[in-house]
J.: 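Before I ask anything, here is the structure I am working with.
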There are 2 protein chains.
Amino acid sequence: MGSPVGSDMVGTNVDGGSHLDERKAAILRAVVTEYIETAQPVGSQRVAQAPEVSVSSATVRNDMSTLEREGYLVQPHTSAGRIPTDKGYRFFVDSLGGPGRLDPSQRHRVSQFFARAHGELEQMLDDTSKLLSGLTDYAAVVVGPNHESAAVRSVQLVGLTAHLGLLVVVLSDGAVEKRSIELRDDVGEARLAAATAHLSAHLVGRSLHERSSSRSQPTALPPTGDSGTDGVVADAVIALAGLAADRQEEMEQVYVGGASRMAAAFDAVETVRSVLSILEQQYVVVTLLRDVIDRGLSVAIGKEHGVLPLAECSVVVAPYVSEGQPAGTIGVLGPTRMNYPQALTAVAVVSQRLGRHFDDS
Amino acid sequence: MGSPVGSDMVGTNVDGGSHLDERKAAILRAVVTEYIETAQPVGSQRVAQAPEVSVSSATVRNDMSTLEREGYLVQPHTSAGRIPTDKGYRFFVDSLGGPGRLDPSQRHRVSQFFARAHGELEQMLDDTSKLLSGLTDYAAVVVGPNHESAAVRSVQLVGLTAHLGLLVVVLSDGAVEKRSIELRDDVGEARLAAATAHLSAHLVGRSLHERSSSRSQPTALPPTGDSGTDGVVADAVIALAGLAADRQEEMEQVYVGGASRMAAAFDAVETVRSVLSILEQQYVVVTLLRDVIDRGLSVAIGKEHGVLPLAECSVVVAPYVSEGQPAGTIGVLGPTRMNYPQALTAVAVVSQRLGRHFDDS
DNA sequence: GTTAGCACTCGGTAGACTCGAGTGCCAGAG
DNA sequence: CTCTGGCACTCGAGTCTACCGAGTGCTAAC
């Protein structure tokens, strides 16, 4: 609540203009706050009435004019109030100390959620995205934990039909992966069992990853002495390699909750459509989140992230940490004029609780 | 293309008014067709120009007036053209003989899709929903196959940590279900193995369903002689029962594709929001589809289905059949003024191909 | 440096008017 | 009895004008 700029999170600074004196900063903050609430351009009079600004509207006008020249505000048209630019929001966000406290009822809601949390991983993550969306009233995304180092706990080949088998792998993080395999005519239950035993002997306890250094030519296992069994084993090893690769890419499953709330955030139906369409492209969403995290930000505002159709959106993200390591990411997607303080705290609280939840289970 | 009403698919007929003479039927069809295309109220002049109507606009006016009195059309306001009511659409849909042929490029697209279809069930179904959405430009839903009678092919207990185990069940339809189980201190690898063996001996080959007649008190297995093992087995049996129940409810996972396209279908942003919000509630969607199917319909128009927020939407559904039995459902959700002929054929073709795909694999 | 005062701008709203697509009805032709 | 051409009428949508008022920028005084 004191220093003008948090120097650790400086985003886009076109010029040296990020040094605002305290009064201008207060005025800017007031404009942003007001605009977030009303979605209407805010004028000097309104700002002058704000408790943290104790100067006349004329002075505010002068300062707002300066703020506009420096790129923090824009006027939709002459003789209208002013609206924050991305840069204005950025200053606002940076000047928030950090996530605040959740209000009691929401706090309770989160506690309830994690107390009752049940079911398997996927369900849990999906529900979490809905929780976060409900807390913020924006769309929420949750990226699943990527236990890269997960060890194989069990490998099993199961026959489904005469020509179709299923390779089932259980990993130490509780994930179960499967892959169907074509079986040749000469493979019966006996050979499946033999292959299962052979695979188990060589793979259990090791990381799925270390077996798949090269996908096209996975390391073969030593022969069993029975060529029919060896054939199945070889197929299984190939499937395993593919599985490992898929897991790397696709394991980063993203769960999107409350996408419909984006419709309430914009009034141009075309904007809604394009935003929703982006949210349907899991790959884009994951990339976006990773990008933001990689750049060390916790908020990406408007055009700061590269995704053009989301130019009118901001993203608030946080990694969640399980067993001391960053495991996945959660985030909130809303309009640029979103309620940043609330979103920041909601994301912070949920990410923390989520990590703890995984550690406890 | 000849008889006025397909008597097999009669929907809501308020009164005996479903007997339209051929000319009125042609006029009604023309109005619907035109309105589907332009989304504008259509006037008598336009209809009179349609090739299948060869009378003057005055005559058309008289007939349209009658059609309005009988509830097939409405005027948004005096001195505007007319718009079909739900009843009007119903007549139109019923008077279509049945699904037509897909245009060649779409046909090709479908073939490509199923030729390249790969990956596991979930991915496949999700992709199918995207395909169907792409074909029709509306939102598409796919409900997964419910192999109620699926037999257990493999049961396995795997230890994850000292106190956490995972029950993994492979079913004959290729589904893999899992459930975590708490382990007591005295359970080690040996007892897990023993329990796995015991469970396998009693459950493999049977249906998951037949073991779960009463969820609260599942049938216990005979004792093994070791009380520690018996404890684990009992826990596993309980987990199995829960799993079977969940599978009944939740197995009917629904995959929604192209929800964003609903935004293009309406221009009231509030409508979009409420429709999307419904689509996010899987349970409602599944119920809706089942309802429509159960009533023997393949199209539900506007208020015909009970879901109020979808009053401006229609649903086109078709079950898909695998191994001679209805396995699941696919459907398209669009605005009431959707392109029914196209949607009907797309749904018919995809459902057929999907069933065949499962049979082949 | 701050403030009060003032002329000016311009988006939004309301009312008047026009235009034209579309209707309903009637009288006459087939 | 059915169909059609003609005609008066309706009313939404678009255009134009006037006006209001929130908000600005500037200047002069404190």
Side-chain angles (χ1 to χ4, degrees), chain A residues 4 19-28 30-35 37-85 88 267-268 337, chain B residues 4 19-28 30-35 37-85 88 267-268 337:
Chain A
H19 272 304
L20 299 178
D21 63 65
E22 183 49 36
R23 193 181 64 200
K24 288 206 186 64
I27 289 175
L28 179 48
V31 172
V32 174
T33 310
E34 188 71 18
Y35 185 68
E37 200 171 320
T38 65
Q40 299 292 326
V42 357
S44 55
Q45 196 135 315
R46 260 230 127 71
V47 175
Q49 281 162 12
E52 65 270 28
V53 178
S54 48
V55 289
S56 76
S57 67
T59 311
V60 173
R61 272 203 292 283
N62 286 331
D63 284 355
M64 281 171 83
S65 169
T66 310
L67 286 169
E68 176 161 17
R69 222 172 308 123
E70 291 181 354
Y72 294 99
L73 298 174
V74 277
Q75 264 179 309
H77 13 258
T78 330
S79 94
R82 285 181 168 93
I83 286 180
T85 60
D267 37 40
R337 79 173 134 69
Chain B
H19 273 304
L20 299 178
D21 62 65
E22 183 50 35
R23 193 182 63 200
K24 288 204 186 64
I27 288 174
L28 179 49
V31 172
V32 174
T33 311
E34 188 71 18
Y35 185 67
E37 199 171 322
T38 65
Q40 299 291 326
V42 357
S44 56
Q45 196 135 314
R46 260 232 125 73
V47 175
Q49 280 162 13
E52 65 270 28
V53 178
S54 47
V55 288
S56 76
S57 66
T59 311
V60 173
R61 273 202 292 284
N62 285 331
D63 283 355
M64 281 171 83
S65 171
T66 310
L67 286 168
E68 176 163 17
R69 222 172 307 124
E70 291 180 355
Y72 293 100
L73 298 174
V74 278
Q75 264 180 308
H77 14 257
T78 331
S79 94
R82 285 180 169 95
I83 287 180
T85 61
D267 36 41
R337 80 173 134 69

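Predicted model, so just to flag it, every value in this text is computed and none were measured. Residue numbers begin at 1 in each chain, while the letters A, B, ... track the order of the sequences.
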J.: Which whole-number value in Å describes the distance from B:R82 CZ to D:dT10 P?
T.: 17 Å
J.: Can you tell me whether the side chain of B:T78 and the base of D:dT10 have a donor-acceptor pair closer than 3.5 Å?
T.: no
J.: What nucleotide among C:dT23, C:dT9, C:dT3 has an atom nearest to a side-chain atom of A:A58?
T.: C:dT3
J.: Given D:dT4, is OP1 or OP2 found less than 4.0 Å from the side-chain N or O atoms of B:T59?
T.: yes
J.: With nearest nucleotides of DNA chain D determined for A:G43 and B:V55 from heavy-atom distances, which residue corresponds to the more 5′ nucleotide?
T.: B:V55
J.: Think A:S65 has a side-chain N or O under 4.0 angstrom from the OP1 or OP2 of D:dT24?
T.: no
J.: Phosphate oxygens OP1/OP2 of C:dT2: is one of them under 4.0 Å from a side-chain N or O of A:R23?
T.: yes
J.: So which nucleotide from C:dG24, D:dG5, C:dT2 ends up closest to the side chain of B:S56?
T.: D:dG5
J.: Check this one for me: any side-chain N or O of A:R46 less than 4.0 Å away from OP1 or OP2 of D:dT24?
T.: no
J.: Tell me: CG of B:N62 to P of D:dT4, nearest whole Å?
T.: 10 Å
J.: Once you round to the nearest 0.5 Å, how far does CD of B:Q75 lie from NE2 of B:H77?
T.: 9.0 Å
J.: OP1, OP2 of C:dA4 versus side-chain N and O of A:R61: anything below 4.0 Å?
T.: no
J.: Measure CD/B:Q40 against P/D:dG12 and give the value in whole Å, please.
T.: 15 Å
J.: Which of these nucleotides, C:dG22, D:dC26, D:dG23, is closest to any side-chain atom of A:S79?
T.: D:dG23
J.: I want to confirm an ordering. Mapping B:S57 and B:A80 to their closest nucleotides on DNA chain D, which one lands closer to the 5' end?
T.: B:S57
J.: Per the side-chain contact (heavy atoms from CB on, under 4.5 Å) rule, which among A:D63, A:T66, A:L20, A:D21 passes with A:I27?
T.: A:D63
J.: Rounded to the nearest 0.5 Å, what separates atom CD in A:E37 from atom CZ in A:R337?
T.: 12.0 Å
J.: Should B:T59 and B:R23 be marked as a side-chain contact (heavy atoms from CB on, under 4.5 Å) after you check the CA-CA gap, both sets of side-chain angles, and the distance that decides it?
T.: CA-CA 10 Å; B:T59 311; B:R23 193 182 63 200; 3.6 Å; yes
